[in-house]
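Nothing here was measured: the structure is a model prediction, and the numbers come from that model. FYI, side chains are in, hydrogens and waters are out, and symmetry mates aren't considered; it's all heavy atoms of this structure.
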Amino acid sequence: MDAITIQILRNKIASLVDEMHYHFYRSGYSTIIRESRDFSCVILDRDGRLIVAPPMFFHAPVYRHLVGRILQVYGAQSPGASSAINEGDVFVSNHPYEGGLPHVSDMAFIAPVFADGKIVAFSGSIAHKADVGGAVPGSTSANATEMYHEGLLLPPVKIWQGGEPAPDIERIILTNSRQPALMRGDIHAQIAVTQMGAARVKELCARFGAATVTDAFAAILKGSADELGAAIARLPAGESSAEGFLDSDGVVVDKPIKLAVTIAIKDGIARFDFSGSDPQARGPVNLRPSMVEACVFYALIGSLGPSLHFNDGMRDVVRLTFAPRTITNADPPAPV
């Protein structure tokens, strides 16, 4: 790959992400979309790795987990079967454990991009929803003690199949919401921009060739890994630990919650170990690893160079360790 082609395709993807964000912002029904802009739109490679970071940075590490689960559930099936990933499909999930979503109110949509009969990329979006059911209006309950208090849970399932909508899935979602009209409007806008992203990438494959596009994606990912690796290599080798405390989990109010990390720098690799954090909490302050990853990369880029281009290539020079059933790596049915 020549550097000019790589840069052209990087800018094409960056412009497409901006276009998706603009159309969703203009098309959304709820104030969450139109004013808070609590959403992200992205383009991913065929393994679900992010190519260009969205403005809502904290969604960025989530997509790889979600697409990985979709590939695990559907990818082993024979193409053409209803249980396989096919052109025109759109998947939906809001599940923190099955899909790696930040919390139940965040709903993701993923569409595969096919060229020459093979998956070459994915288009995706995540947006906070006005109400997905649960114990309280708005779904985000400070008193939740299990994820079932937080709303309807959707593992990755198809809401569009082979280019046709699956209305029964939408009916289930809307029936569980206290704000079905806002939900319907936001869902339809979100699906539309996700499909638009997939169509635009398919056009890039037709123009440049699918192999050129996928090779450029690989080069962009490697470039970010090299950038961050070089920045880490300039740090002195060594190890440090730190801890901080939340006042409580909101339910057991007299018990502080410890967050702890040990960071080791060696051979151009940054290792973050969160094993010393407290056991998962009864209240809804637990985290899934995707959110901890967002904090790690946010801090790294802020510390080492704001001009670094975040994408999932950076995972090549960062290692994260979590202990099971802790505040930074909770297990079901803990609320998050």
Side-chain angles (χ1 to χ4, degrees), residues 12-25 27-28 33 37-75 85-96 98-103 105-115 119-129 154-161 169 186-205 213-214 217 220-221 288 290-291 293-294 310-313 315:
K12 288 283 188 185
I13 296 302
S15 296
L16 172 55
V17 167
D18 287 344
E19 183 182 5
M20 293 166 72
H21 276 83
Y22 176 78
H23 281 290
F24 191 22
Y25 155 68
S27 305
I33 305 305
R37 303 197 191 190
D38 187 355
F39 67 88
S40 63
C41 303
V42 299
I43 300 300
L44 315 161
D45 77 354
R46 60 191 167 201
D47 297 316
R49 294 180 296 178
L50 184 79
I51 305 302
V52 173
M56 175 55 78
F57 183 86
F58 281 91
H59 290 169
V62 172
Y63 290 96
R64 186 183 69 95
H65 295 273
L66 175 55
V67 172
R69 182 59 177 159
I70 291 170
L71 290 169
Q72 184 180 17
V73 174
Y74 291 90
I85 301 173
N86 296 303
E87 191 159 7
D89 290 347
V90 179
F91 297 87
V92 60
S93 179
N94 72 332
H95 205 301
E98 279 278 317
L101 273 297
H103 62 162
S105 293
D106 282 334
M107 192 170 289
F109 294 85
I110 300 290
V113 181
F114 280 80
I119 296 174
V120 295
F122 289 90
S123 172
S125 63
I126 296 172
H128 190 110
K129 293 292 176 283
L154 291 164
V157 293
K158 293 184 183 183
I159 195 166
W160 275 62
Q161 186 165 319
I169 300 296
D186 282 356
I187 285 172
H188 287 187
Q190 194 172 350
I191 291 172
V193 297
T194 304
Q195 291 172 321
M196 184 191 78
R200 295 282 196 274
V201 176
K202 192 174 180 70
E203 290 169 6
L204 289 178
C205 290
V213 171
T214 55
F217 285 177
I220 294 166
L221 291 163
R288 298 293 295 130
S290 58
M291 281 292 91
E293 290 167 5
F310 176 78
N311 61 37
D312 274 325
R315 294 179 184 275

Discussion item. Quick check: closest heavy atoms across A108 and I126, and the distance to 0.1 Å?
Written reply: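 Taking every non-hydrogen atom into account, CB-CG1, 3.6 Å.
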Item to complete: Provide the closest heavy-atom pair for L50 versus F310 in the form atom of the first, atom of the second, distance.
Response: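 For L50 versus F310, the nearest heavy atoms are CD2-CE2, 3.6 Å.
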[atom1]/[X] to [atom2]/[Y] distance, rounded to the nearest 0.5 angstrom?
X: L101; Y: R69; atom1: CG; atom2: CZ; answer: 13.5 Å
X: N311; Y: L221; atom1: CG; atom2: CG; answer: 4.5 Å
X: F122; Y: L66; atom1: CZ; atom2: CG; answer: 9.5 Å
X: H103; Y: M291; atom1: NE2; atom2: CE; answer: 8.5 Å
X: S123; Y: L44; atom1: OG; atom2: CG; answer: 7.5 Å
X: I159; Y: S93; atom1: CD1; atom2: OG; answer: 11.5 Å

Practice prompt. Give a yes or no on whether a salt bridge exists between R288 and E293, defined as a side-chain N under 4.0 angstrom from a carboxylate O.
Written response: no
Side-chain donor or acceptor of [X] paired with backbone N/O of [Y] under 3.5 Å:
X: K202; Y: A115; answer: no
X: N94; Y: L154; answer: yes
X: R315; Y: P61; answer: yes
X: Q190; Y: S125; answer: yes
X: D45; Y: D47; answer: yes

Worksheet item: Are the aromatic ring centres of F109 and F91 under 6.0 angstrom apart?
Response: no
Worksheet item: Under 6.0 Å between the ring centres of H21 and F39?
Response: yes
Non-hydrogen side-chain atoms of [X] and [Y] separated by less than 4.5 Å:
X: F114; Y: V120; value: no
X: V42; Y: V52; value: no
X: R46; Y: V113; value: no
X: V92; Y: M107; value: yes
X: P102; Y: V62; value: yes
X: I191; Y: W160; value: yes
X: H59; Y: D38; value: yes

Practice prompt. Flag yes if more than 12 heavy atoms outside Y22 fall under 6.0 Å of its OH atom; otherwise flag no.
Written response: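 Counting other residues, nucleotides and ligands, OH of Y22 stays at 12 neighbours or fewer.
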Practice prompt. Using the six-membered ring of Y25, assess whether NZ or CZ of R37 lies under 6.0 Å from its centre and within 45 degrees of the ring axis.
Written response: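 Relative to the ring axis of Y25, which defines the angle, R37 lies inside both limits.
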Worksheet item: Between D312, I220, V17, which is the residue that forms a side chain to side chain contact (heavy atoms under 4.5 Å, CB included) with I51?
Response: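 Answer to the side chain to side chain contact (heavy atoms under 4.5 Å, CB included) test with I51 among D312, I220, V17: I220.
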Worksheet item: In terms of side-chain heavy atoms, does S290 have a donor or acceptor partner in Y63 at a distance below 3.5 Å?
Response: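 Absent: no donor and acceptor within the cut-off.
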